[in-house]
Amino acid sequence: MYKTHTCGELHRSHVGQQVELAGWVHRRRDHGGITFVDLRDRFGIVQIVADPTVSPQAHRELEEVRNEWVIQAKGIVRRRPTGSENPNLATGEIEVEVSEIRILNPAKTPPFSINKDEEVDENTRLRYRYLDLRREQMSRNILLRHQVVKFIRDFLTEHGFIEVETPILFKTTPEGARDYLVPSRLHAGEFYALPQSPQQLKQLLMVAGVERYYQIARCFRDEDQRGDRQPEFTQLDLEMSFVEREDIMALVEELFTKLVAEVAPRKRLFASPWPRLTYREALERFGKDNPDLRYDLELKNVRDLIEGSGFKVFEAAIAQGGDVRGLNAKGCADYTRKQIDELTEYAKNFGAKGLAYIALPKDQEMRSTFAKFLSPELLQALMDRMGAEPGDLLLFVADAPAVVFETLARLRVLLAERLKLADPNLLAFCWVIDFPFLNWSEEEQRWDPSHHLFTSPMLEDVPLLDSDPGKARGQQYDMVLNDYEVGGGSIRIHDRQLQEKVFGLIGLEPDVARERFGHMLEAFEYGTPPHGGIAPGIDRICMILAGEPNIREVIAFPKNQAARDVMADAPSPVELKQLEDLHIQVALPAD
RNA sequence: GGUCCCGUGGUGUAGCGGCCAAACAUGCGGCCCUGUCAAGGCCGAGAUCGCGGGUUCGAAUCCCGUCGGGACCGCCA
């Protein structure tokens, strides 16, 4: 070993000890006569002192040394002279008086500073990710991620789970996201697919009698990127046999409640036990099924109040089966026309034709897009419904229900951001349950599973699959945290007949279903336990626990928005020979 | 496929028609300095303003295109 101690562990109890340290030069302060170097390793920073009268060799070597050089230092730990302790440093009570310095590897000046927490262009950070990861914030994030995964592994192991690896080379499932394909050398014209999740495999492990499975599983989806989406990402994939919805939810709730206390003690839970919302309730109150519960700003249905008011915009929407709902932007009555226009423009992105509003300034006259239809009684009724008082701004959307929900949900998030309503130290976990089992897809003209095609309907709703499939509820549950869906799961179908029925409902021809999922159907005939599971997203959870704005900050080597690794420059062209081995011809787009 | 935003020394910013062959901070190089810890002092090097075209007497600044990056929509069972 190059070191007897880590930089971070040294303490006044080590005073008098001869130590050997190795690490990176974090900073160097050359006073001419005496030189200080902050030596950094993963565990912390310690000050080493080179006094030319004690060791001319060490002092001379440190004259050469620059930031990020890798060095080894031998010396004696001693208390710092009184008055020169550094309370900002964990090791600030002591220092190491060096007797010998060995330069292990010099370093070029890095393209950005490692020892300072300053904004750097992300492209540059990604090109030099190995340097970026040396920076305190990134190394903290990577450590946090390790602690999260470690906690999960320990917790689940204690609860009788075993981690089983599943294949990365598997089979295409065209009904989900776009697959990443891997050509087969041995089977010309055939392809493996990288798993979008180990869904089928974990169910087959239940058939195999594993009963309690988990995996820190890499998943792959070839879709466009977002701040919370990468082409490859990591899920805690988990499955249990002989359980019902409640069992999974209780387990996961306990897991993450304890995890937060352990690895993010400075964060507070918004509510424990976690609130549960039905899908319908989430929609009614927040406009979406992954609501941020950290603040109120709830949607209110005002259709019954407004019906018959004579305001054409509202009446027309209602006549077409639409809704009228609103939000109370507390204290925003002084928004200018321009600010409201901005909100309106934003709302139009989501299909709303416009925004109706009532501004209620204190000491001034009310302003409204539909003032002349607002009788004193109607105004009062609206204010009562919206919980409004002078100073507030009421915003309304009248449209098809889906548009109303989407628009108001977006406005709610936007306003909360502007009004700083969301406490960044709060973790608002909640469950959303009772999802519709199927959603009607307009463009495909058929039913789509709202979760995935192995999700079980509520057993009491199975008869509805024949009579009124849209009314059936699924045994699905989503885990939501601060405006993000961080996990989804369900009780699965474990019966071949029911599975085939669902395949039929979503328009999978029996022969296609057998070709793609024959192994599942067959397995279900060999004694399959009732089972279910969930798959929380590790990246998103770490991102929120770390307080980061995107998932790339908690992934050591992420891809950029164009799904490129800018450090290694992947993807890249390959040798013709490689393509020939794989029986692949490249057909580039014409232009 | 679409919408919006950004691109100025190594890094982060300022400048947004002439005062700019570009300013500030930091970093970098040299010299001085024995108790600093974002050490300090002095000196110095470093950008044809992403690229191409256009408008103009004059462009970092305005326009068009292009490339790169980011946010979002579509997409993500």
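Throughout, a chain's letter reflects where its sequence line sits, starting with A, and its residues are numbered from 1. No hydrogens, no waters, no symmetry mates; every other heavy atom, side chains included, goes into these values.
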Looking for any heavy atom pair under 4.0 Å, which part of the strands does A:Glu95 touch: base, sugar-phosphate only, or nothing?
-> base

Using the P atom in both, what is the distance from B:C5 to B:C63, to the nearest Å?
-> 11 Å

Looking across every strand, which nucleic acid part, if any, lies under 4.0 Å from A:Glu119 by heavy atom: base, sugar-phosphate, or nothing?
-> sugar-phosphate

When you compare B:U61 with B:U55, how far apart are their C1' atoms, in angstrom units rounded to a whole number?
-> 13 Å

CG of A:Leu204 to CD of A:Gln200: how many Å apart, nearest 0.5 Å?
-> 7.0 Å

With a cut-off of 6.0 Å (strictly less than), are more than 12 heavy atoms of other residues, nucleotides or ligands near CZ of A:Arg140?
-> yes

Using the C1' atom on both, measure B:G27 against B:U3 and round to a whole Å.
-> 38 Å

Chain A on RNA chain B: first and last contacting nucleotide, 5' to 3', under 4.0 Å to a heavy atom?
-> B:G1 to B:A77

Result for side chain to side chain donor-acceptor pair (under 3.5 Å) between A:His452 and one of A:Gln196, A:Arg492, A:Gln476 points to A:Arg492

Pairwise C1' distance, B:G53 and B:A47 [rounded to whole Å] | 23 Å

Under 4.0 angstrom, heavy atoms only, what part of the nucleic acid is A:Thr53 near: base, sugar-phosphate, or nothing?
-> base

Report the residue from A:Arg40, A:Lys108, A:Arg135 that forms a salt bridge (Lys or Arg N to Asp or Glu O under 4.0 Å) with A:Glu68.
-> A:Arg40

Please list, by residue number, the residues of residues 473-495 of chain A whose heavy atoms come closer than 4.0 Å to an atom of RNA chain B; answer none if no residue qualifies.
-> none

For nucleotides B:C43 and B:A25, find the distance between their P atoms and express it as a whole number of Å.
-> 13 Å

In Watson-Crick or G-U wobble terms, with both distances under 3.5 Å, the base opposite B:G35 is none

What does A:Arg410 touch in the nucleic acid at a heavy-atom separation under 4.0 angstrom: a base, only the sugar-phosphate, or nothing?
-> sugar-phosphate

Heavy atoms under 4.0 Å, any strand shown: does A:Asp121 hit a base, just sugar-phosphate, or nothing?
-> sugar-phosphate

Toward the 5' end of RNA chain B, by each residue's nearest nucleotide, A:Gln199 or A:Asp30 = A:Asp30

Closest-nucleotide 5' rank along RNA chain B - winner of A:Pro110 and A:Gly32 = A:Pro110

Identify, with sequence neighbours excluded, every residue that meets ring pair (Phe, Tyr, Trp, His ring centres under 6.0 Å) alongside A:Phe524.
-> none

Base, sugar-phosphate, or nothing for A:Arg540, non-hydrogen atoms under 4.0 angstrom?
-> nothing

Sticking with atom C1', work out how far B:G1 lies from B:G46, rounded to a whole angstrom.
-> 43 Å

Looking just at side-chain N and O atoms, do A:Gln47 and A:Asn86 make a donor-acceptor pair shorter than 3.5 Å?
-> no

Between A:Leu438 and A:Pro469, which heavy-atom pair has the shortest distance, and what is it?
-> CD1-CB, 3.8 Å

Do A:Phe517 and A:Phe454 have ring centres separated by under 6.0 Å?
-> yes

Full working for side-chain hydrogen bond (donor to acceptor under 3.5 Å, both in side chains) between A:Thr6 and A:Asp41 = CA-CA 7 Å; A:Thr6 67; A:Asp41 65 15; 4.6 Å; no

So what does A:Gly227 touch, heavy atoms closer than 4.0 Å: a base, only the sugar-phosphate, or nothing?
-> sugar-phosphate

Just call it for A:Asn123: base, sugar-phosphate, or nothing, with non-hydrogen atoms closer than 4.0 Å on any strand.
-> sugar-phosphate

Take atom C1' in B:G65 and the same atom in B:G7, then report the distance between them in whole Å.
-> 16 Å

Answer yes if the side chains of A:Asn115 and A:Ser113 hold a donor-acceptor pair under 3.5 Å, and no otherwise.
-> no

Applying a 3.5 Å limit to both distances, which nucleotide forms a Watson-Crick or G-U wobble pair with B:G44?
-> B:C28

Base, sugar-phosphate, or nothing: which does A:Pro81 touch, judged by heavy atoms less than 4.0 Å apart?
-> base

How would you label the contact of A:Ser113 with the nucleic acid (heavy atoms, under 4.0 Å): base, sugar-phosphate, or nothing?
-> nothing

From A:Glu500 atom CD to A:Leu505 atom CG, the distance as rounded to the nearest 0.5 Å | 12.5 Å

Using a 4.0 Å heavy-atom cut-off across all strands, classify A:Gln196 as base, sugar-phosphate, or nothing.
-> nothing

Under the side-chain hydrogen bond (donor to acceptor under 3.5 Å, both in side chains) test, residues paired with A:Asp228 that sit two or more places apart | none

Both distances under 3.5 Å, Watson-Crick or G-U wobble: report the partner of B:C49, or none.
-> none

Under 6.0 Å between ring centres, would you say that holds for A:Trp440 and A:Trp447?
-> yes

Numerically ordered, the residues 56-74 of chain A set in heavy-atom contact under 4.0 Å with RNA chain B is A:Arg66, A:Asn67

Does B:U3 have a Watson-Crick or wobble mate here (both distances under 3.5 Å), and if so which one?
-> B:A71

If you look at every strand shown and take non-hydrogen atoms under 4.0 Å, does A:Arg552 touch a base, only sugar-phosphate, or nothing?
-> sugar-phosphate

Between side-chain atoms of residues 480-488 of chain A and protein atoms elsewhere (two or more places apart, or another chain), which donor-acceptor pairs fall under 3.5 Å?
from     : atom 1 : to       : atom 2 : distance (Å)
A:Asn482 : OD1    : A:Ala428 : N      : 2.7
A:Asn482 : ND2    : A:Leu426 : O      : 2.9
A:Asp483 : OD1    : A:Lys288 : NZ     : 2.4

Integer angstrom distance from the P of B:G29 to that of B:G50 | 27 Å

Determine the contact category for A:Arg27: base if any of its heavy atoms lies under 4.0 Å from a base atom, sugar-phosphate if only primed atoms, P, OP1 or OP2 are that close, otherwise nothing.
-> sugar-phosphate

